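Structure record follows, encoded as structure tokens.
Letters A, B, ... mirror the listed sequences (proteins, then strands); counts begin at 1. For the numbers below, each heavy atom of this structure counts, side chains included, while hydrogens, waters and symmetry mates do not. Everything quoted here is computed from the prediction, not taken from an experiment.
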Amino acid sequence: MYVRGTVADEVEVRTVSTSYGESDLAEVPLRMAGDGDNGTASQTVARPRDDTETDLAAGHETTTVTLWNKWAESADYLEPGMEVLVTNAKKEEYQGETQYATTGDSYVVVEPSFLVNVTAIRNWVECPRLYYLNKLSGVPLNYPVVKGTLVHEVFGDLLRGRDLEESIAARVDERGLELGLLGETSEAVAEEVRENATAIEGWLEQGRLTEEDSWRSEQLLISETFGIRGRADAIRRGAPVELKTGKNLKKEPRFKDKVQAACYALLLEEHGGDVDLGTLLYTKNSALDRNEETGDLTPAKEFTMGDGLLKFVVRQRNELAAMEIAGDIPTGYEGSAKCEYCFEQDTCMVVSGRLDQESKAGQIATPLPEEERDYFQRFYRAIEEERREVHREYAKLWEQDAQERADDDRALIDLEFIEKRPLEGGRWELRARRTSSANSKIREGDFVLASDGHPVRGSSELATIERLDDVVVLTADEPVEVTRLDVYPSELTTDRLLVAMHDALLKGDERRKDILFGRATPEFEESGASETHRNRAGETGGVDETFIDNNAAQNEAVTKAVGARDCALIHGPPGTGKTYTIARAIRAMVERGERVLLSAFTNRAVDNALEALLEQLEDGVGSQTQRSGDGEGVSVVRVGSESGIREDMEPYRLERSGDPEDRVAELQNAQVVAATTATCGSRVMKEQAFDVALVDEAAQLTEPGTCAAINLAERFVLVGDHEQLPPVVRAENDLTESLFERLIDCHPEAGVMLDRQYRMNQRIQAFASREFYDGELRPAEPEVAGRTLNDLEGVARDALPPALQDPVTFVDVEGDGGQYTDSEEAARIADLIEQYEAAGLERSEIGVIAPFRAQVSELSRHVPDDVTVDTVDRFQGSSQEVIIISFTATGTLEGPIFEDYRRINVALTRPKRALVLVGDPAALSSDPVYARMLEWART
DNA sequence: ACTCTGCTGAGAGGA
């Protein structure tokens, strides 16, 4: 019997006397997950290979589950509302009520849908505090770790049948950049990897003789029962094999290594295995290190995995999950580790001291000011909330029905498997045909979970999408007969946010923090003053140059950016030339001999800014752009993944593989480095230092996200518009306000607003200017103010119906009453497009914007393909000659999408020459801001 | 209630 439900009330733990002696027990009041009348119950409760009956009859009844003996420990951290699962439970009748209890074969799992990484459990078992520190500060770039990774990759290659020397050469080459940063040479590293790999190869040969076919290389495994995910190095005869490059001359494997193997055993058990043996391969154990006790020559240590170990691992996982769900911070007292043997003892004590946290290791260093500790707590909580949202996404992999996931754009289903082809190096190419044209957020270059039907219960593996049209081409380590692809959630961004916040507070310099916390006022070099400015080039003097002579605000912005001692904030409303201003500022900085980081949240924004910079550098005096090297010109490097970077910026992309010395020179010598903020948090980028960081679209970044970039530089410049859409976050919390917005409020004197726009006809910009920019946004030139469709070649405004001749038009459509779609509006918009076409407009000059995705697809059914149709959110950052907005609201304007007025600002400021608003006036006039908009559009 | 981009993954080791 398999019981699953939600803790309904406080849990009581007590000790009773039984015929076997004293026993602990916990009585857990449980609201059962199953609901007899509801079809979803079987999905929630049913398991892939559960041979026992599942109890669905209980409905939403509250019952009691008794957890005996050691499982009572897990009850200690149960809070009402938490989810619990008990396997192999027995049913008991007690005073006429049905109750349940654990048996000798039971596992109790707390919050089973919270998927915990195997390495997280391993760290937690070593010390819960260590687990926390790892999360907080990440693992820095160091040689033992890189070498360990290399040996693992070679091991995987060997299992897949790749030649040893070929594998070593290829794997070392791939890590050229990292090795270069560590000051290593390819030859030395290859030699060391070879030594480790030889031990593996020898051992592998023995195994092959007897068990030729029972090997499998690493594969991602997920357990929905135990709430664990991980990737075993190898599986032999159904049992996990773990590779360790560290030394271990003891007879027994290290305990934490056994725990890791036990986690994989649990994963394999869920996938149909029955595991009682684990193998650990310590590759440094060569003949020279003959074990004195045992005379052991082999690097392999086998051990039996008892029931006790597996249950211990699940209890540890429970404690970890409960702490994560509660958002608590471990002290170290939860575990039994001895602090004096710990590598992280000093770090642990400093972190505890500075954040004033309770810690088993004790505290050194003085606590941060209270406001900084509060800040840490607030943001720690917010980031962890985001992490829990990511975990909810994992749970959907098995909780959500395939069709539902496809409808949510989270999966491509019903693919027809075509073939698997072995690739060089032992990997596989998989092909499948799409049977429907349904779109999804899955794109080429993405990392997805490829499965033969079910991402968790079936056979599945992580795969890269090489091509995506009517045929999907994937590459993967395992030859999965793929019929389904799922988006695989990633905690990477939340991890990096946490580290960025930690670094800003615990490693950031005091002056920087004074600025961030409003304790000091940003300073600037004084224009024309006799003060000396020191920089690499050794030039002197303040900033009194004119950078841009036809736009005073832009010139002031560049002056502030260049002369900022701490920071400058450039507020750039739509069409005001933010990107140009940034490019001009970077050029000036580079001319002063400074090293500059250019960053933004999205790859698209980084590439746009970089493009403007490259143009700017070509115009610059005596500057010639170079993609790298140390020649005469300005060297520019783009860091990021191939799939993220726009094709025309590919020549500037920093290649990671190759000769270590060359790779590192390319990065270190670059005067300008461009990367997304997420990439700024990578191990490679964290090794870099800059004079200035410029962050574009900063109003769309969370505070910790912004920190990831500015942590790397002495000064920073943020550019953005907080009157447009805020950062995208999953949970409602402190992350929704950008650092940009907060600093604009806190240090208005450090800000400049660009007040001349180069995009919209005066009539179009009037409302946005008045409503969002205090009327200060104005056309930059008479040409802009007076631009109309007549300026376009082949367009005759007179050919349009009179109503559409005005730059702003309102089209009254009563609407069909649908909540997220409106086919009447869509049909009317199709007519409008025809009218524009008849007047000579190209379809590519027209854009249609709607608030809801559902309406976007409705519109796509009505309008021609070459008209761009998208949501407001996705239109941010671009513009069109003609913009038609479909408001998709009938009767009332209720709903969160309409509440954020910044969204209308974005929508209304996309067009250059004509704007058409289509909607139901009754609905729009129900809100004061929309009512004013209506009034403006109709006059 | 709705909008939605980043990241290769997960794990790599030091006495």
Side-chain angles (χ1 to χ4, degrees), chain A residues 117-120 122-123 134 139-153 155 175 178 218-221 229-233 242-248 254 256-257 260 284 340-344 390 409 441 443 445-449 461-465 475-477 488-497 600-606 640-644 656 675-683 697 700-702 705 708 725-730 819-820 850-856 870-877 888 894-900 902-903 906:
Chain A
N117 268 346
V118 170
T119 36
R122 174 188 152 106
N123 284 338
N134 236 343
V139 178
L141 188 64
N142 64 16
Y143 181 58
V145 171
V146 174
K147 190 193 73 188
T149 309
L150 277 167
V151 174
H152 275 76
E153 287 170 345
F155 178 49
R175 297 201 174 257
E178 285 169 64
E218 47 188 338
Q219 183 184 10
L220 179 78
L221 294 164
R229 71 173 192 267
R231 207 172 159 85
D233 288 337
E242 249 315 286
L243 186 68
K244 295 291 163 198
T245 29
K247 195 173 279 194
N248 178 14
R254 279 177 300 216
K256 60 183 178 183
D257 297 341
Q260 193 174 359
K284 259 197 188 165
E340 59 263 40
Y341 300 140
C342 179
F343 291 115
E344 303 293 345
V390 176
D409 295 344
K441 66 171 298 200
R443 312 255 156 85
D446 280 1
F447 217 62
V448 293
L449 198 51
E461 176 61 328
L462 288 172
T464 307
I465 303 196
T475 49
D477 283 350
Y488 187 68
S490 167
E491 286 176 73
L492 190 121
T493 19
T494 42
D495 285 342
R496 290 193 178 167
L497 290 184
F601 183 62
T602 63
N603 275 310
R604 197 177 66 164
V606 171
S641 65
E642 202 182 335
S643 61
R656 304 175 70 96
T676 59
T677 50
T679 300
C680 287
S682 67
R683 289 191 305 190
E697 309 216 343
Q700 291 221 76
L701 272 165
T702 62
L725 289 165
V728 173
V729 288
R730 291 182 165 90
Q819 198 181 4
Y820 304 124
F852 305 108
R853 284 175 48 139
Q855 178 68 353
V856 168
D870 225 325
T871 56
V872 185
D873 301 57
R874 288 219 264 220
F875 243 100
Q876 178 154 328
T888 329
E894 274 171 30
I897 202 107
F898 298 110
E899 275 167 21
D900 194 336
R902 289 173 289 193
R903 194 167 270 114
V906 172

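At the heavy-atom level, V151(A) lies nowhere under 4.0 Å from the strands shown. Here S641(A) lies in heavy-atom contact (under 4.0 Å) with sugar-phosphate atoms only. Across all strands, D233(A) comes closer than 4.0 Å only to sugar-phosphate atoms, never to a base (heavy-atom distances). When heavy atoms are screened at a 4.0 angstrom cut-off, Y143(A) is found touching no nucleic acid atom at all. As judged by a 4.0 angstrom heavy-atom cut-off over every strand, G895(A) is placed among the base-contacting residues. The residue P727(A) sits apart from the nucleic acid: no heavy atom pair falls under 4.0 Å. If you check every strand for non-hydrogen atoms under 4.0 Å, D900(A) touches nothing. Backbone-only contact: R229(A) has heavy atoms under 4.0 Å from sugar-phosphate atoms and none from a base. Across all strands shown, S682(A) has no heavy atoms under 4.0 Å from either base or sugar-phosphate atoms. As judged by a 4.0 angstrom heavy-atom cut-off over every strand, F343(A) is placed among the base-contacting residues. Among the atoms of the strands shown, none is found under 4.0 Å from any heavy atom of E697(A).
The side chain of A678(A) lies closest to dC7(B), out of dC7(B), dA12(B), dA10(B). Considering only the side chain of R874(A), dC4(B) comes nearest among dG9(B), dG6(B), dC4(B). Distance from the side chain of D873(A) is smallest for dC4(B) among the nucleotides dC4(B), dG9(B), dA10(B). Comparing dT5(B), dG13(B), dG11(B) by their closest approach to the side chain of N117(A) singles out dG11(B). Checking dA12(B), dA10(B), dC7(B) against every side-chain atom of R683(A), the shortest atom distance belongs to dA12(B). Nearest nucleotide to the side chain of V728(A), out of dG11(B), dC4(B), dG6(B): dC4(B). With dC4(B), dA1(B), dG14(B) as the candidates, the nucleotide lying closest to the side chain of P144(A) is dG14(B). You'll find that the side chain of T676(A) is closest to dC7(B), out of dA1(B), dC7(B), dT3(B). Closest contact between the side chain of R730(A) and the listed nucleotides dT5(B), dT3(B), dG11(B) involves dT5(B). Taking the side chain of I897(A) as heavy atoms from C-beta on, and the options dT5(B), dG14(B), dC2(B), the nearest nucleotide is dC2(B).
A straight line from CG of L141(A) to P of dG14(B) spans 16 Å, rounded to a whole angstrom. Spacing between atom CG of D870(A) and atom P of dC2(B) amounts to 18 Å, rounded to whole angstrom units. Rounded to whole Å, atom P of dT3(B) lies 14 Å from atom CD of E899(A). Regarding N134(A), its CG atom lies at a distance of 15 Å from the P atom of dG14(B), rounded to whole Å. Rounding to whole angstrom units, CG of residue L462(A) and C1' of dG11(B) are separated by 13 Å. When rounded to the nearest whole Å, the span between CG of L492(A) and P of dG6(B) equals 13 Å.
Phosphate contact (OP1/OP2 of dC7(B), side-chain N/O of N603(A), threshold under 4.0 Å): present. In this structure, Y488(A) reaches the dA10(B) phosphate: one of its side-chain N or O atoms is under 4.0 Å from OP1 or OP2. Using a 4.0 Å cut-off, no side-chain N or O of T149(A) falls inside it from OP1 or OP2 of dG13(B). Phosphate proximity of dG14(B) to K147(A): absent, as no side-chain N or O sits under 4.0 Å from OP1 or OP2. Distances shown here put a side-chain N or O of Y820(A) below 4.0 Å from the OP1 or OP2 atom of dC2(B).
Remark: the backbone N or O of L141(A) is not paired with any side-chain donor or acceptor of R683(A) at under 3.5 angstrom.
With hydrogens and angles left out, the side chain of Q700(A) and the base of dG6(B) share no donor-acceptor pair within 3.5 Å. Scanning atom types as modelled, one donor and one acceptor separated by under 3.5 angstrom connect the side chain of T493(A) and the base of dG6(B).
Salt-bridge formation is not detected for the pair E697(A)/R604(A): no Lys NZ or Arg NE/NH1/NH2 atom is positioned less than 4.0 Å from an Asp or Glu carboxylate oxygen. Salt bridge absent: K244(A) and D233(A) never bring a charged side-chain N and a carboxylate O closer than 4.0 Å.
In this structure, E899(A) CD and I897(A) CD1 are separated by 10.5 Å, a value rounded to the nearest 0.5 Å.
Of all the heavy atoms in L462(A) and A476(A), the pair that sits closest is O-CB, 3.7 Å. Nearest heavy-atom pair, R231(A) versus L220(A), reported as atom, atom and distance to 0.1 Å: NH1-N, 3.6 Å.
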task: Please step through salt bridge (charged side-chain N to carboxylate O under 4.0 Å, His left out) for the pair R229(A) and E491(A), ending with a clear verdict.
output: CA-CA 13 Å; R229(A) 71 173 192 267; E491(A) 286 176 73; 2.8 Å; yes
